[in-house]
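In what follows, every chain begins at residue 1, and chains take the letters A, B, ... in the order their sequences are listed. Quantities reported herein were computed from a predicted structural model and do not represent experimental measurements.
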Number of protein chains: 2
Amino acid sequence: MSRTLSDFEASQSGSPAAGRGGRPQRTQSCLVTKLSQLIDLSEVELDSLSRLQTEERDFARDEVLFSVGDHHQDLYIVQDGWLFNAIDAPDGRRQIVNIYHPGDIIGFPDIALSTRTTDLVAVTKGSICPFPKSGLGTVFMEAPRLAALLLSIALREETVLIDRLRVFSRSSAQARVAYLFLELHARLRSTTGDAGNTLYMPLNQHEIGDSVGLTNVSVSRAVTALEERGLISTASREVTLLDMEELQKMCDFEDRYAQVVTDWFP
Amino acid sequence: MSRTLSDFEASQSGSPAAGRGGRPQRTQSCLVTKLSQLIDLSEVELDSLSRLQTEERDFARDEVLFSVGDHHQDLYIVQDGWLFNAIDAPDGRRQIVNIYHPGDIIGFPDIALSTRTTDLVAVTKGSICPFPKSGLGTVFMEAPRLAALLLSIALREETVLIDRLRVFSRSSAQARVAYLFLELHARLRSTTGDAGNTLYMPLNQHEIGDSVGLTNVSVSRAVTALEERGLISTASREVTLLDMEELQKMCDFEDRYAQVVTDWFP
DNA sequence: CGCAGCCTTGAGATTACTCAATCAATGTGG
DNA sequence: CCACATTGATTGAGTAATCTCAAGGCTGCG
């Protein structure tokens, strides 16, 4: 049921073309799609990226793709599906660090360390594109503007973490939950371009609690309270944000996904 | 104009007081000092950095060096003194995001955005070296290995933030305070090389609370409890870590400052 | 000596947690 | 198509932790 990355990497190095359930090779790598949204890529840059292209990998719902302590060779770009990475605390609780959607880069912070610092778990089925860590060196040599873009992406992630640190260390349960919904909404909108206020929410309340540092019980009460205040409404696997202004106010939310500044790029 | 590695080494060994107390040679950029601790710099790289050198700036205790919303042109490298950056919450409380010591880079996450996301406040008097944001582009063009190092530093910062998110969203007051002391200890040790277990602590308990998401009252109680348990002892402006093992266990601390992996560097 | 900033301590209020039971939704097999 | 199992969500009651408000003590400095 749950396969680890080590299995995957072993099978990859053994017979690269024999990935099970492998989809047809895309003519365009996931990373190119991702980065093209942010800057226009030159021929040289496209060429540099295309050489890093690796076969994509499918994953099943609830699959654990890697675990804390695993040695790693790759970054991943999400092609399809939702995933999150998490750390288990000694007391049995769990902190969900980041929730990933199509277009997101997974495992960036780990490349400065020798082993994984989080588990990667699939929320839905989907697929990811591996991107060899060693290929980063090539990008830095051949495509400095791409390298700068990667730094920008890492720095934006950091800003988001700072925002979250502020919210989660001080705010009420309702504000934390509101923040999570707003952040997911902003991220999904930035990648899908969808402007609606309803978002798909495959996480259950226990997982929401793991994300924002609450128990499932407290999440339930917070969601109910937000509904009663008329700020959100929930369906089976969906959340609708009814009063964006009030929601943003109550958790001091700022959208960091709207822009990436490139003025200092080479 | 161009500085050689031997010049560099000579100036290093020639000014033994170049650590915390004294002021290093002005001819030596702060950033070179910082980065040299992590990798050996080539002549080209030193040359690329030396052109970015700007005059350093002194600051006074409690001075606010920049504020949320300011437009920015520079990163800063701390030359001397302690600072922190913080965000004021609408309810009047404050979140201290990061505490900076000599050798640290300030303002990195902001360069992906157009304005500052935090205030920068001096804890003690000291000085910083501005490093023009536009110079980053040059580094990415001319010195890809330096660029990769900068990315690594940003990614390490991100890992530290993830650790903190985990601790501050779930742990008890005692664990939060213990974590702060351990992190400061690890950082100071990594830059000064000091192996002692006593650390200088210019922050008052209100500021400690702003760092870890507690009130000054709770900080006082947590510190007292840690002392009664024999885990730490405090003097006027100093904290001594008496039982590192137990402290690390209670807050699940990991030292991220011990290593930077460079195996993928160009 | 007296002031100001900081730390400590107490008591009650608030908030989220734990434990436990129940309800609702979803999926499965007969 | 329905009975049943499973998972997830809700609700209640009591507990534990931190917060707020407030008073008092300590320390360094003019």
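Residue B:Ser218 has its side chain nearest to D:dC19 when only D:dC19, C:dT8, D:dA9 are considered. Residue A:Ser220 places its side chain closer to D:dA9 than to any other of C:dA16, D:dA9, D:dT20. In this structure, the nucleotide among C:dC7, C:dA16, D:dT11 sitting nearest to the side chain of A:Leu214 is C:dA16. You'll find that the side chain of A:Arg221 is closest to D:dA13, out of D:dA9, D:dA13, D:dC19. Proximity note for B:Val217 (side chain, C-beta onward) versus D:dA9, D:dT20, D:dC19: the nearest is D:dT20. The listed nucleotides are C:dT26, C:dA16, C:dC6; the one nearest the side chain of A:Ser236 is C:dT26. With C:dT26, C:dC7, D:dC19 as the choices, the nucleotide that has an atom nearest any side-chain atom of B:Arg93 turns out to be D:dC19.
Whole-Å rounding puts the B:Glu228 CD to C:dT8 P distance at 11 Å. The distance between atom CD1 of A:Ile208 and atom P of D:dA9, rounded to the nearest whole Å, is 7 Å. Taking atom CZ of B:Arg237 as the reference point, atom C1' of D:dC26 lies 14 Å away to the nearest angstrom. Following rounding to the nearest Å, B:Met201 (CE) and C:dC6 (C1') show an atom-to-atom distance of 15 Å. Rounded to a whole Å, the CD1 atom of A:Ile232 is 13 Å from the P atom of D:dA9. Between the CZ atom of B:Arg61 and the P atom of D:dC29 there is a distance of 11 Å, rounded to whole Å. Residue A:Asn204 contributes atom CG, which lies 5 Å from atom P of D:dG8 at whole-angstrom precision. The CZ atom of A:Arg176 sits 13 Å away from the P atom of C:dT15 (whole-angstrom rounding).
Residue B:Gln205 is the one, among A:Ser172 and B:Gln205, whose nearest nucleotide of DNA chain C lies closer to the 5' end (criterion: closest heavy atom).
Note on A:Gly213: only backbone sugar-phosphate atoms sit closer than 4.0 angstrom, heavy atoms only; bases stay farther off.
Within the model, atoms OG of B:Ser211 and CG of A:Leu165 stand 10.0 Å from one another, a figure rounded to the nearest 0.5 Å.
Remark: B:Thr215 is not in phosphate contact with D:dT18, judged by side-chain N or O atoms under 4.0 Å from OP1 or OP2. Close to C:dT15, at under 4.0 Å from its OP1 or OP2, lies no side-chain N or O of A:Gln174.
Inter-residue side-chain proximity for A:Asp74 and A:Phe131 is flagged as unmet; no heavy-atom pair is nearer than 4.5 Å. Within the 4.5 Å cutoff, the side chain of B:Met250 has heavy atoms near those of the B:Leu226 side chain. Under the 4.5 Å side-chain criterion, counting only non-hydrogen atoms from C-beta, B:Ile77 is not in contact with B:Ile128. Using a 4.5 Å cut-off on side-chain heavy atoms (C-beta onward), B:Lys34 and B:Asp104 make contact. Counting heavy atoms from C-beta outward, B:Ile99 and B:Leu203 have side chains that approach closer than 4.5 Å.
Rounded to 10°, the helix from C:dC1-D:dG30 to C:dG30-D:dC1 has 30° between the axis fitted to its first five pairs and the one fitted to its last five.
Checked by atom type and distance alone, the side chain of B:Arg189 never pairs as donor or acceptor with a backbone atom of B:Gly196 at under 3.5 Å.
A parallel orientation is assigned to the rings of A:Phe66 and A:Tyr76, their planes being inclined by less than 30° (bins at 30° and 60°).
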